[in-house]
Amino acid sequence: SSRTIVAWIKPASTSRMGIIGTRSSTGNGFVLTANRTTAGNLTYFHTGGGLIELAAGLSVGVWSCVGVVIDKGTNVARLYCNGVSLGSVSSFGAETSSSFNGVIGDEDNSLTTPFNGKIASIRIWNHLMLTPAEMMQVYLESKAGRPETLNWVGGKSRVDIYPTNGGTTRTATISASAGPATAAFV
């Protein structure tokens, strides 16, 4: 389905590292990752025929607001960094759903591409594509109140899921004893 994902990240290295994903051991699901093939790049891909990887200028020790908008009506995926569109890919195939609930701070349930750095203020809008102006607005509003960093070690964090059916914001509390945290997006 269509969706928008936005997260603030502060990489501590240039190695490949997952930001958020639902990809299972069978390979089904989606992934938003940094530095996949080249340092500074942002990538979104999912099973079923979709991959977009573009230069985003991600730098070690620097906060960036990254995002992806998937429009399943037109099969277009567009990447963003700091409110600015980096580009898009058309003919983005349908995603094969995953039985894995999701992970923050890695690509999938194998936990082999951990995020080295900080991740904050993750937002997922299911069934909604934010416009370029709305993506800039999200960036500017969240930049004004620098997002609080998620605490992975023994802490709890919150992920906001924004439904488009007029319902209330749904949240997931994430617990972790160390490393990436997993959460069910309800």
Side-chain angles (χ1 to χ4, degrees), residues 1-12 16-24 29-36 41-46 52 56 58 61-70 77-86 95 98 100-109 111 113-130 134-164 167-186:
S1 65
S2 298
R3 78 170 53 93
T4 300
I5 302 171
V6 176
W8 278 89
I9 64 169
K10 185 178 181 182
R16 178 176 177 166
M17 54 185 121
I19 299 166
I20 186 169
T22 62
R23 191 172 59 175
S24 66
F30 73 83
V31 171
L32 181 63
T33 191
N35 308 321
R36 181 173 177 265
N41 281 9
L42 181 65
T43 306
Y44 176 88
F45 60 96
H46 67 241
I52 179 172
L58 302 176
V62 177
W63 282 104
S64 296
C65 181
V66 297
V68 61
V69 175
I70 307 298
R78 182 173 298 281
L79 289 176
Y80 288 84
C81 187
N82 296 331
V84 176
S85 172
L86 302 173
E95 178 182 331
S98 172
F100 178 56
N101 288 328
V103 64
I104 296 170
D106 211 309
E107 292 183 357
D108 54 36
N109 63 351
L111 305 178
T113 52
F115 191 87
N116 182 5
K118 297 179 180 180
I119 300 175
S121 187
I122 296 174
R123 295 179 177 177
I124 302 171
W125 289 263
N126 282 319
H127 311 293
L128 179 69
M129 301 85 51
L130 295 185
E134 289 168 331
M135 290 296 282
M136 179 58 79
Q137 181 181 351
V138 167
Y139 164 68
L140 292 173
E141 287 176 356
S142 58
K143 182 180 177 186
R146 176 62 69 201
E148 180 181 354
T149 301
L150 298 176
N151 179 3
W152 297 119
V153 182
K156 293 188 182 236
S157 303
R158 193 174 113 171
V159 177
D160 290 331
I161 309 287
Y162 292 86
T164 60
T168 58
T169 298
R170 298 175 287 168
T171 62
T173 299
I174 301 149
S175 300
S177 57
T182 59
F185 301 124
V186 295

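If you run side-chain contact (heavy atoms from CB on, under 4.5 Å) between Val69 and each of Thr4, Leu79, Ile5, only Thr4 comes through.
With sequence neighbours excluded, the residues forming a side chain to side chain contact (heavy atoms under 4.5 Å, CB included) with Asn41 are Thr37, Thr38, Glu53, Ala55, listed by chain and number. Under the side-chain hydrogen bond (donor to acceptor under 3.5 Å, both in side chains) criterion, Asn35 pairs with no residue at all, not counting sequence neighbours. Take Ala56 and apply the side chain to side chain contact (heavy atoms under 4.5 Å, CB included) test, not counting sequence neighbours, and it matches Leu42, Leu58, Cys81, Leu86. Arg78 meets the side chain to side chain contact (heavy atoms under 4.5 Å, CB included) test with Tyr80, Ser85, Ser88; sequence neighbours excluded. Under the rule for a side chain to side chain contact (heavy atoms under 4.5 Å, CB included), the partners of Glu134 that lie at least two apart in sequence or sit in another chain are Leu130, Thr131.
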Derivation and outcome, side-chain contact (heavy atoms from CB on, under 4.5 Å), residues Ile70 and Ser2 | CA-CA 5 Å; Ile70 307 298; Ser2 298; 5.6 Å; no

message = Quick one, Val6 with Trp125, criterion side-chain contact (heavy atoms from CB on, under 4.5 Å). Give me CA distance, side-chain angles, the key distance, then yes/no.
response = CA-CA 9 Å; Val6 176; Trp125 289 263; 3.7 Å; yes

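In terms of heavy-atom proximity, Asn82 sits nearest to Ser64 at OD1-CA, 3.5 Å. Taking each heavy atom of Phe30 and Arg3 in turn, the nearest pair found is CD2-NH1, 3.5 Å. Taking each heavy atom of Gly29 and Thr22 in turn, the nearest pair found is CA-OG1, 3.5 Å. The heavy-atom pair separating Arg16 from Phe45 by the smallest distance is NH2-CZ, 3.9 Å. Across all their heavy atoms, Met135 and Gly67 have their closest contact at CE-CA, 4.2 Å. Here the closest heavy-atom approach between residue Glu107 and residue Gly18 is recorded as CG-CA, 3.6 Å.
Not one N or O on the side chain of Thr113 forms a donor-acceptor pair closer than 3.5 Å with the backbone of Asp106.
Note: Tyr44 OH to Ile19 CD1 = 12.5 Å, rounded to the nearest 0.5 Å.
Below 30°, between 30° and 60°, or above 60°: for Trp8 and Trp63 the angle between ring planes is above 60°, a perpendicular geometry.
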